[in-house]
Amino acid sequence: MGDLDDLKKPQFALDAPGRPGIAPTWSSSAKDAVGCSLGLSRLWFTTGFGILNEVYYPRVDLPQIRDLGFIVADGRGFWSEVKRLENYTVNFVAPGVAALEISHHHPRYTLRLRISPDPRRDVLAIEVRLDGDAQLRPYVLLAPRLGATGHGNRATVGRHRGRCVLLAGQGPFALALAAVDEDQRDAFSAASAGYVGHSDGWQDFARNGALTWRYPSAGPGNVALTGELPRRAVLALGFGSSMSAAATLAISSLLQPFDMLLQHQVADWEAWQARRSERFAVPLDLPDSLRRQLQVSAMVLRTHLDKTYPGAMVASLSVPWGDTGEERGGYHLVWPRDLVECAGALLALGAEEEARDTLRYLIASQHEGGHWSQNQWLGGKPFWSGVQLDETAFPVLLAAAIDERGGLGGIEVGAMVGQALGFIALQGPVTQQDRWEENSGINSFTLAACIAALVAGSDFVAEDARQWVLALADYWNDRLESWAVARNTELADRLGVPAYHVRTAPAEVLQQGAAALRRPLPVRNREDGLILPADEHVSTDFLQLVRFGLRLADDPLILDSLAVVDHLLKVDTPAGPVWRRYNGDGYGEHDDGRAYDGTGRGRPWPLLTGERGHYALAAGQDPLPWLETMAGLANATGLIPEQVWDGPDVPARRLVFGRPTGAAMPLVWAHAEFTKLMVSRHLGAPFDRPRAVWARYKGQRPRIQRAFWSQMAPIGTLQPGLGLVILLPAPALIHWGVDGWQDTQDLISVDSGLGFQVAELDVRSLRPGQRLDFTFRWQVSSTWVGCDYHVRVETD
C-alpha cells in the first residue's frame, strides 16, 4: 500500500463490509475525448458520458482507474448521478487542445467540469462548479484499478498534513484524490471507502438517498471511494509509488489557480499544433468541419504516444466493450502495423522526430529472426503469439518513408531492414495471419506490403542481396492474380464479372492452383461456425495493390473486385458509405445489440472508407467525399470509432444506425487514415506509396526472369522460359534432374547476404509439361532433407 508514515486514517467506524465486491469491469469504450500533457506528466486520460474514465500512468498501456464520476444530492433523499442523465455537452477548451469543458444539465442544476492534466506533475486536475438549487452538493465517486485490475485494490480515507485525502494502493502503484475550495483550503467534508456493489458510495445513495456511511477503508478487492465537495472546488488526482507520494503531488498541484495550470496546457498544445501546421498547411478549399477534424485527429495521434518508451503507441485508449469484462490487454497494446500506420500519419503532418522515435522503438523490439510480435506490451513482451508478415514489412516501409524525406537523422537501418527482408523471403508469400489476425494464406493486403517492403528496402542492403529481393518481389507481384483471384465462380456469374480478388487464398494454391480456392475456410468469431470456400471469401484488402502502386486503379480485375465488395460489404449510412472487413465477419455486436463476447457480427469500419478514398485518389477522383464521410462517422468531439452500427436501432443499448458501436473509440489507426488521406489529397497521390515501388512498377505487372521455390512456398508449377531459384534457410547441396531424375546435376547454394541461401537452377530450356525433380542435403549436418520435390512447367 505504500508509505503510510504521514497518512493517518480517521477513526470513523469499522472497515467497509462486502469484501471483495462484485466482479470488476472497465468503463464503456464510448469515449468523449482522450488527452495528455505534452510536458513532464506521465498521465493520459479518457472521458465518456461526461465523466472521467480510465486514467493511465506511468505508461500509456497501464490504466489505473475505471472512472471518476459525480452524484449531485441534497442530503434529504434527492440524488442524481450525472453520467446517467446523458444530457451533457463536451468541448475542447481550444481547438486541438487536450483539455475539456463539460456541462451536465438537469432541471435542478448544472454541473460544469473543466479537465486538464498538470503539465509538470503526474496529476489530473478537475474544476467543479455546481449551479442551480442551493440545497444541492456535488459528490465525487472514484473507482481505482491500480495495476490495471479491479482485484486486490485497497482504499483508504486518510489525512495528509492535515488534509483529507482519498487514497488507494496496490503493489508499486498508488493514487490520491485531494480537493480544495476557492481559497485552496481542504474541501472534503465527508468521505467513505467501500466495496463496489455492496458498501460503496453509489450503494449508499441508492439505499439511503444520501452519503450516510463513513467507512475508513476497504480492501483488498474491487473498491471505491466517495467524497462530499462544496459547490465550487478543484480536484487533483495524483499518482505515485506510494500513497504519501501521490498525495504530495496532488496537493502540490492544487496550490495554484486552475486557470494557470490550464493556460500552460493550452500553450503547449497550441505550440505543437502550430509546428504541425507549418509543415502541412491545410488547403484553403477545405470545409471548416474537416479542418476541425484534422486538428482532433492530430491530437489523438499525439496523445497516444508513450513517454517512457518514446515512439511507442497503443492501438487505443479504450477497451472494446470494456463495460462487460476486465480483459487486461484491451487495445492497450502495441501492434507494429497500427504503430507504423500512425507514425506515418505523424510523418505526413511533419512530426518527423516522433516518427524517428517510432523507428528507433521498432528497431529495438525486432526479434532476432527479423520479425515483430503480433502485439506486445510497451516494453516488448509479446501478448499474442501470432506472426503477420505485413507487420514485418511495415517497419521497413516506415524506414523508407522517413528516408525519402531525408529524415533518418543518423539512424542506421540496414541491419533491421536486412533481417526483416530475410524473414519475409523465407516465410512468404504465405502469412500465418492476415491483418485482421484470423486466417493464414496468401492475402492481397499482406502481399502488397511485403512486395513494397522488398522493393523499398532493397536500397538499404548490399548490391548482391538487392538482386535477389527485387527478383523475389517481381515474382510475387507477377503471380498475384494466379494465386489470389477466383474465376468463373457462382458468385462471379451472379454479379456479372469474370473474376475477383479473394480475401485469402489457402497455401495449397501454390501447389494446386485454382482448385485450392474451393478449399473450405472457417469464418472466425461466428456463433454458427460458418465455413465457406476460399473463393467465396472477399474483402477490401486488394485495394492496397493500387495504393502501393502494384496495380492501376482502372485495372479491369480491380474494377470487377470493387463491384463484388460493394455488393457484399458496402453499407450506406447517413454520413456516407462504409465497408465491412469481409463477408461473414463475426467481430462485432450480436444482432440484438449484445456486446461481442467471442462471437457476434462484424460491422462497418470507418478506416475502410479512408482506404476507399485513397483508391479514389489513385483513380483521379477528389477524395473529399470520403473525408467528409469519415468526419461524419465521428462522435460529437471528433473521435473516429473502430466500427459503426449497421442494424436497426437498439435504443436500450445506445446503438443507432451509422453511429459508433461498443468497439474501440477512438481507433488511432482510423485517425491516421483520415490524416493521411487529407495529406494525400493535397499531394495528389497516396502519401505512403513508396517512391521506389512506383518507380519500379507504375501499376503494371513486371516482366520476370526467375521463379522462387522455398519450403514455405513450394510452388508446383513454373512458367516456361524462367529460371528457378531455390531459397533455403541454410547452406545446402541441391541435387536435381528432369522427368524422373534424368540428366541429374548438383549445385551448391550461395549466401544471399540476408540470412537465406539461394541456388538458381538453369531450367529455362525445359518445355511445357516437363517436370523438374530435386532434393537437397544440408551442408552443416550432411543430412538429406528426406523428400523429393517436383515442379512442372506450365502448359497453356
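Here, residue 1 is the first one in the sequence, and each next residue gets the next number.
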* Heavy-atom closest contact (L175 atom, Q64 atom, distance) -> CD2-O, 4.2 Å
* Asked: So does R120 have more than 12 non-hydrogen atoms from other groups sitting under 6.0 Å from CZ?
  -> no
* **Cationic N near anionic O, under 4.0 Å, R356 to E353** => yes
* Polar side chain donor-acceptor pair, S27 to D67, under 3.5 angstrom -> no
* Flag for R659-N635: side-chain donor and acceptor within less than 3.5 Å -> no
* Donor-acceptor pair, side chain of D200 and main chain of G197, under 3.5 angstrom -> yes
* **Pairing of D306 and R59 as salt bridge, 4.0 angstrom limit** => no
* **Between D32 and Y88: side-chain donor-acceptor atoms closer than 3.5 Å** => yes
* Asked: Do NZ/NE/NH1/NH2 and the carboxylate oxygens of D15 and R154 come within less than 4.0 Å?
  -> no
* Check side chain to side chain donor-acceptor pair (under 3.5 Å) between T212 and all other residues, then give those that pass, not counting sequence neighbours. => D204, N208
* **Under-4.0 Å salt bridge between R145 and E54** => no
* Return yes if a side-chain donor-acceptor contact under 3.5 Å exists between R292 and Q295, otherwise no. => no
* N/O donor-acceptor pair under 3.5 Å between S29 side chain and G662 backbone -> yes
* W44, Y57, F45 screened by ring pair (Phe, Tyr, Trp, His ring centres under 6.0 Å) with F239, the one that passes -> Y57
* Nearest non-hydrogen partners of P666 and L639, listed with the distance -> CD-CD1, 3.9 Å
* Asked: Hey, are S242 and S244 close enough side-chain-wise for a donor-acceptor pair under 3.5 Å?
  -> no
* Asked: Could you give all pairs that pass the side chain to side chain donor-acceptor pair (under 3.5 Å) test and reach residues 102-112, with sequence neighbours left out?
  -> S80-Y109, R108-D133, R112-D131
* Answer yes or no: is there a donor N or O on one side and an acceptor on the other, between the side chain of R66 and the main chain of W26, under 3.5 Å? => yes
